[in-house]
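By convention in this document, chain letters (A, B, ...) are assigned in the order of the sequence lines, proteins followed by strands, and residues within each chain are numbered from 1. Side chains included, hydrogens not; waters and symmetry mates left out as well; all remaining heavy atoms used.
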Amino acid sequence: MPELPEVETMRRGILSVVGRQIVAVTCPQSTLQSIEITPSLARLRKQVCGQTIRDVSRRGKRVLVHLEDGAVIVMEPRMAGLILLDNPPTEKHLRLCFHLEDRSVAEETAHFLFWDKRGLGKVHWLDSSQIEPRLGRERLGPDALEVTARILKERLGGSRRPIKVALLDQKGVAGIGNLYASEILHWAGIDPRLACTALTLRQWERVSCWTRRVLEQAIEHEGSTLADGTYRNALSNPGGYQNHHRVYDRGGEVCLQCRAGTIKRIVQAQRSTYYCPVCQCRRGVHPAVIV
DNA sequence: CATATGTCCTGAGAGC
DNA sequence: TGCTCTCAGGACATAT
């Protein structure tokens with residue numbers, strides 16, 4: 001579930017590791033299958049031990065830990081991964097521990113952790129020459145916090161796919177996932193089934209505007225912790241944006257915007273989409289552009 | 001080329 | 001109670 005707001009919250013949560021040196025990487029005992037580490041755990045260890053962390057950045061839904069030699073550790077939480085300073089929800093799902101040099105200051109963390117309940121997450125070590133080909137514009141679109149109407153129309157406007165499905169494609173725009181795609185389109189008042197080719201510039205303006213607003217608001221609330229309780233910030237505290245959801249997982253409930261419509265759940269590209277048929281469906285739209 | 005579908009993985013919850 | 005089944009959706013591989 002972690003999307004841009006959750007991943008950004010994790011990034012901010014571990015910023016205190018900047019300036020610290022990694023001294024060891026351990027793979028805590030687990031009865032579960034190991035997550036994918038590339039090129040390998042041995043190589044990761046060899047390359048990062050002794051390196052000082054220069055920065056922690058984010059690209060879409062990935063966190064990049066920048067090392068002094070120009071390489072990066074890329075952490076992908078995917079569905080159920082967390083990047084933590086402490087207090088993992090379970091010991092069982094601890095996948096990687098990056099140990100930091102001991103400064104003998106009790107308040108300072110001695111490590112940061114990669115925890116993953118389902119094992120779908122990934123950790124990569126990339127040298128400086130691999131960063132652009134793996135994470136550059138050819139592979140991932142511009143960050144969703146930086147989109148404009150012009151960028152959206154340029155990158156998605158030619159697609160015949162429904163707008164909701166196109167927003168999930170990380171090659172178009174990076175950072176939007178299933179939850180926020182529904183939320184953004186609800187605020188923008190746009191039918192999730194509408195083909196990208198049918199959107200007007202005015203509608204792209206609404207999408208870009210609400211993309212930034214919804215994601216920024218969600219970051220302010222430190223992301224969304226759903227009913228399963230999996231998502232946590234770096235200190236293992238839940239987020240708060242779930243209390244502000246307008247449509248996601250609210251199928252059958254009354255629309256909080258118009259108080260008239262009932263939130264509908266449909267499936268698009270094997271994923272749930274939630275929307276309000278009153279707020280988000282314009283009369284007079286030709287049926288052919290609803291895909 | 002664009003778009004669609006299958007796959008990985010575990011835990012939660014439903015139904016019997 | 002404990003079993004089996006289905007579902008959740010990130011990103012990418014493979015198919016159309």
Original post:
Rounded to whole angstrom units, what separation is found between the CD atom of A:Q270 and the C1' atom of B:dG6?
Top reply: 8 Å
**OP:** Take the protein atom CG of A:L120 and the nucleotide atom P of C:dC12, then report the distance between them rounded to whole Å.
**Re:** 13 Å
**OP:** Return the orientation label for the A:W210 and A:W187 ring planes: parallel under 30°, perpendicular over 60°, tilted otherwise.
**Re:** parallel
Original post:
Linking I/L/V/M/F/W/Y whenever any side-chain heavy atoms sit under 4.5 Å apart, do A:V165 and A:Y248 land together?
Top reply: no
Subject >> Value in whole Å for how far the P atom of C:dA11 lies from CD1 of A:I176 >> reply: 12 Å
Subject >> Interatomic distance where CD belongs to A:Q170 and C1' belongs to C:dA11 [whole Å] >> reply: 8 Å
**OP:** May I ask you to verify if any side-chain N or O of A:K92 is less than 4.0 angstrom from the OP1 or OP2 atom of B:dT10?
**Re:** no
Original post:
Between which residue ranges does DNA chain B form stems of three or more consecutive Watson-Crick or G-U wobble pairs, both distances under 3.5 Å?
Top reply: B:2-8 with C:10-16, B:10-16 with C:2-8
**OP:** Pick base, sugar-phosphate or nothing for A:D228, based on heavy-atom distances below 4.0 Å to the nucleic acid.
**Re:** nothing
Subject >> From CA spacing to verdict: side-chain hydrogen bond (donor to acceptor under 3.5 Å, both in side chains), A:W204, A:T148 >> reply: CA-CA 8 Å; A:W204 284 119; A:T148 62; over 6 Å; no
**OP:** Evaluate whether atom NZ of A:K122 has more than 12 neighbouring non-hydrogen atoms of other residues, nucleotides or ligands under 6.0 angstrom away.
**Re:** yes
Subject >> Candidate pair A:S57 and A:D55, rule side-chain hydrogen bond (donor to acceptor under 3.5 Å, both in side chains), full reasoning >> reply: CA-CA 6 Å; A:S57 68; A:D55 195 11; 5.4 Å; no
**OP:** Measure from the side-chain N and O atoms of A:E222 to the backbone N and O of A:I219, and report whether any donor-acceptor pair falls under 3.5 Å.
**Re:** no
Subject >> Nearest heavy atoms of A:L194 and A:A198, plus distance in Å >> reply: CD1-CB, 4.1 Å
Subject >> Of A:R271 and A:V165, the one whose closest DNA chain B nucleotide lies more 5' >> reply: A:V165
Subject >> Between C:dC3 and B:dC9 - P atom distance, rounded Å >> reply: 22 Å
**OP:** Give one of base, sugar-phosphate or nothing for A:K171, where a contact means two heavy atoms less than 4.0 Å apart.
**Re:** nothing
Original post:
Which part of the nucleic acid does A:R59 contact within heavy-atom distance under 4.0 Å: base, sugar-phosphate only, or nothing?
Top reply: nothing
Subject >> Out of C:dA8, C:dG10, C:dC12, whichever nucleotide has its closest atom nearest the side chain of A:E3 >> reply: C:dG10
Subject >> 5' precedence on DNA chain B between A:R95 and A:G158 (nearest-nucleotide basis) >> reply: A:G158
Subject >> Length of the line joining A:K122:NZ and C:dC12:P, which is rounded to integer Å >> reply: 9 Å
**OP:** Please check the phosphate of C:dA8 (OP1 and OP2 only) for any side-chain N or O of A:S272 closer than 4.0 Å.
**Re:** yes
Sort me out a list of protein N/O and nucleotides 14-16 of chain C N/O pairs below 3.5 Å, or just none if empty.
none

Subject >> salt bridge (charged side-chain N to carboxylate O under 4.0 Å, His left out) involving A:R118 - partner list, sequence neighbours excluded >> reply: none
**OP:** May I have the distance from A:L82 (atom CG) to B:dC9 (atom C1'), rounded to whole angstrom?
**Re:** 15 Å
**OP:** Round to a whole Å and report the spacing from NZ of A:K117 to P of C:dC7.
**Re:** 19 Å
Subject >> Polar side-chain atom of A:N178 near backbone of A:S272 as donor-acceptor pair, under 3.5 Å >> reply: yes
**OP:** Just call it for A:E36: base, sugar-phosphate, or nothing, with non-hydrogen atoms closer than 4.0 Å on any strand.
**Re:** nothing
Subject >> Polar side-chain contact A:R118-C:dA8 base: donor and acceptor under 3.5 Å >> reply: yes
**OP:** Please check the phosphate of B:dC9 (OP1 and OP2 only) for any side-chain N or O of A:H93 closer than 4.0 Å.
**Re:** no
**OP:** Select base, sugar-phosphate, or nothing to describe what A:Y248 touches, counting heavy atoms under 4.0 Å on all strands.
**Re:** sugar-phosphate
Original post:
Rounded to whole angstrom units, what separation is found between the OH atom of A:Y231 and the P atom of C:dG9?
Top reply: 18 Å
Subject >> Integer angstrom distance from the P of B:dT3 to that of C:dG9 >> reply: 22 Å
Original post:
Same cluster or not: are A:L4 and A:L64 linked, directly or through other Ile, Leu, Val, Met, Phe, Trp or Tyr residues, by side-chain heavy atoms under 4.5 angstrom apart?
Top reply: no
Original post:
Would A:Y180 and A:E6 satisfy side-chain hydrogen bond (donor to acceptor under 3.5 Å, both in side chains), going step by step from the backbone distance to the final call?
Top reply: CA-CA 11 Å; A:Y180 292 103; A:E6 290 76 26; 2.7 Å; yes
Original post:
What is the nucleic acid contact for A:S159, judged by heavy atoms within less than 4.0 Å: base, sugar-phosphate only, or nothing?
Top reply: sugar-phosphate
Original post:
Closer than 4.0 Å, any side-chain N/O of A:R161 to the OP1 or OP2 of B:dT3?
Top reply: yes
Original post:
When all nucleic acid strands are considered with a 4.0 Å heavy-atom cut-off, which category describes A:K61: base, sugar-phosphate, or nothing?
Top reply: sugar-phosphate
